[in-house]
Amino acid sequence: MEKAIEIGKLDKRITFQKQVLTVDEMGQDRYEWKDLKTVWADFYPVRSGEFREADQKKREETVYKANVRYIPGIDASLRIRFRERLFLIDRAINVDEANYRLEIECTEYVEKKAEEG
């Protein structure tokens, strides 16, 4: 049985982006991110942490969850742009395998210099 999405919660605009191979002015191949689809989403943070990288940089990591109407082809090869911020998709779950809602977990990474608090 299909469960309805609470459309009132879909109050944020997110854009899915796909990495595509292009050719630059010098004829060399390069990858760039292109907008794929902009949708309404329920988009919110679920947890956050801070990690130290091997090169002594601190990296903040915040995990977000997005609920959207089902869209075929959304997977971890894509990323999400929300306002001017970027989020890597960790997983996209077709809830109940019913093709009505995707639950997406994504991560925003922010690097800091070691001197910063």
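Every heavy atom of this structure was used, including side-chain atoms; hydrogens, water molecules and symmetry mates were not.
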Flag if over 12 foreign heavy atoms under 6.0 Å of CG, L21 | yes
Spatial distance of atom CG (D35) from atom NZ (K18) [nearest 0.5 Å] | 13.0 Å
Residues W40 and L10: closest non-hydrogen pair is CE3-O, 3.5 Å
Contacts of E32 that satisfy side chain to side chain contact (heavy atoms under 4.5 Å, CB included) - sequence neighbours left out = V20, T22, R30, K34
Residues two or more places apart in sequence or in another chain: which of them pass side chain to side chain contact (heavy atoms under 4.5 Å, CB included) with L86?
-> Q17, R79, R81
Do N99 and N94 touch side chain to side chain, with heavy atoms closer than 4.5 Å?
-> yes
Please report the shortest heavy-atom distance between I104 and A92, naming the atom on each side.
-> CG1-CB, 4.1 Å
Would I74 end up clustered with V95 when hydrophobic side chains under 4.5 Å apart are linked, directly or stepwise?
-> no
According to the ring-ring contact (aromatic ring centres under 6.0 Å, His included) rule, which pairs have a member within residues 8-37, sequence neighbours left out?
-> none
Hits for ring-ring contact (aromatic ring centres under 6.0 Å, His included) against F87, two or more places apart or cross-chain, chain-then-number order -> F43, Y64
Rounding to 0.5 Å, atoms CG (D42) and CD1 (I5) come to a distance of 9.5 Å
Sequence-distant partners of R91, side chain to side chain contact (heavy atoms under 4.5 Å, CB included), two or more places apart = I93, E105
Rounded to the nearest 0.5 Å, how far apart are CD of E108 and CD of E60?
-> 8.5 Å
Any pair counted as side chain to side chain donor-acceptor pair (under 3.5 Å), so long as it reaches residues 65-74, sequence neighbours left out = N67-R101
Under the side-chain contact (heavy atoms from CB on, under 4.5 Å) criterion, do I14 and V39 qualify, and how do the steps go?
-> CA-CA 6 Å; I14 64 172; V39 299; 3.8 Å; yes
Contacts of type side chain to side chain contact (heavy atoms under 4.5 Å, CB included), residue T107, not counting sequence neighbours | E61, V63, D90, Y109
Considering only heavy atoms from C-beta outward, does the side chain of D75 approach that of I89 to under 4.5 Å?
-> no
